[in-house]
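Counting from 1, the numbers follow the sequence of the chain as shown.
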Amino acid sequence: QVQLVESGGGLVQPGGSLRLSCAASGFTFSSYAMSWYRQAPGKERELVASIPSAGNSRNYADSVKGRFTIFRDNVKNTVYLQMNSLKPEDTAVYYCKVFYRQRSYWGPGTQVTVSS
């Protein structure tokens, strides 16, 4: 079964950094694109970043471009989101996602709070 488990969330001050991890299992991780989404209370879930199964291309939401970096380790079956220069508006639950066999699978999410 597909399983995605995020970790690394927490409280950080504005301007600080945080690295999120998503451990994946139940599928051939190296063959699938992975994505990070986030959702703040009362707001729609939004795509933050995505990374293909191979190659160097990346996609980012305009709101995080230049501050966040998505990368993956296909040996560890883990996708990461490095978040720098964090802003209060980055506060949200962050989820990783894979589109596998015609459906999306989501982790339970990890809370990121940016506050002084």
Pair M83, D90 - check side-chain contact (heavy atoms from CB on, under 4.5 Å), show working.
CA-CA 9 Å; M83 305 184 294; D90 295 318; 6.0 Å; no
Stepwise side-chain contact (heavy atoms from CB on, under 4.5 Å) check, V79 with F71:
CA-CA 6 Å; V79 61; F71 60 102; over 6 Å; no
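Among residues two or more places apart in sequence or in another chain, the side chain to side chain donor-acceptor pair (under 3.5 Å) test is passed with S63 by R38. Checked against side chain to side chain contact (heavy atoms under 4.5 Å, CB included), P14 has the following partners two or more places apart in sequence or in another chain: P88, V114, S116. Every residue two or more places apart in sequence or in another chain was checked for a side chain to side chain donor-acceptor pair (under 3.5 Å) with K87, and none qualifies.
Q3 places no side-chain N or O within donor-acceptor distance of the main-chain N or O of G26, the cut-off being under 3.5 Å. R72 contributes a side-chain N or O that, together with a main-chain N or O of P52, makes up a donor-acceptor pair within less than 3.5 Å.
No continuous path of ILVMFWY side-chain contacts below 4.5 Å connects Y37 to V64, so the two sit in separate hydrophobic clusters. Put simply, Y100 and W106 are part of two different groups of oily side chains (I, L, V, M, F, W, Y) that touch within less than 4.5 Å, one to the next.
Geometrically, R45 engages Y95 in a cation-pi contact, judged by NZ or CZ lying under 6.0 Å from the ring centre and within 45° of the ring axis. Under a cutoff of 6.0 Å and an axis angle of 45°, R67 and Y60 do not form a cation-pi pair.
The environment of CD in E89 is crowded: more than 12 heavy-atom neighbours from other residues, nucleotides or ligands sit within 6.0 Å. Within a 6.0 Å sphere centred on CD of Q13, other residues, nucleotides and ligands contribute 12 heavy atoms or fewer.
Remark: N59 CG to L47 CG distance equals 7.5 Å, nearest 0.5 Å. Taking CG of L18 as the start and CG of N84 as the end, the distance is 9.5 Å to the nearest 0.5 Å. Rounding to the nearest 0.5 Å places CD of Q82 at 9.5 Å from CZ of F68. The OG atom of S21 sits 9.0 Å away from atom NZ of K76, with the distance rounded to the nearest 0.5 Å. Put simply, CD on Q1 and OG on S25 are 7.0 Å apart, with the number rounded to the nearest 0.5 Å. To the nearest 0.5 Å, the span separating CG on L20 from OH on Y80 amounts to 11.5 Å.
The shortest heavy-atom contact between G9 and T110 is N-OG1, 3.1 Å. Considering every non-hydrogen atom in both S17 and S85, the closest pair reads OG-N, 4.3 Å. Listed here is the closest heavy atom pair of S31 and S53: C-CB, 3.4 Å. The minimum heavy-atom distance between V93 and G109, with the atom names listed, is CG1-CA, 3.8 Å. Considering every non-hydrogen atom in both A24 and F29, the closest pair reads CB-CD1, 3.5 Å. When all heavy atoms are compared, the tightest approach of L4 to C22 is CB-SG, 3.9 Å.
Applying the salt bridge (Lys or Arg N to Asp or Glu O under 4.0 Å) test to pairs two or more places apart or on separate chains, none has a residue in residues 92-108. Sorted by first and then second residue, the salt bridge (Lys or Arg N to Asp or Glu O under 4.0 Å) pairs with a member in residues 54-65 read D62-K65; sequence neighbours excluded. Counting only residues at least two apart or on different chains, no disulfide (SG to SG under 2.5 Å) pair has a member in residues 48-83.
Checked against the 6.0 Å centroid criterion, the rings of Y32 and F99 do not qualify as a close aromatic pair.
No side-chain heavy atom of Y94 sits less than 4.5 Å from a side-chain heavy atom of Q39. Residues T113 and V12 are not in side-chain contact: their nearest non-hydrogen atoms beyond the backbone lie 4.5 Å or more apart.
Side-chain atoms of T78 and D73 form no donor-acceptor pair, as typed in the model, at a separation below 3.5 Å.
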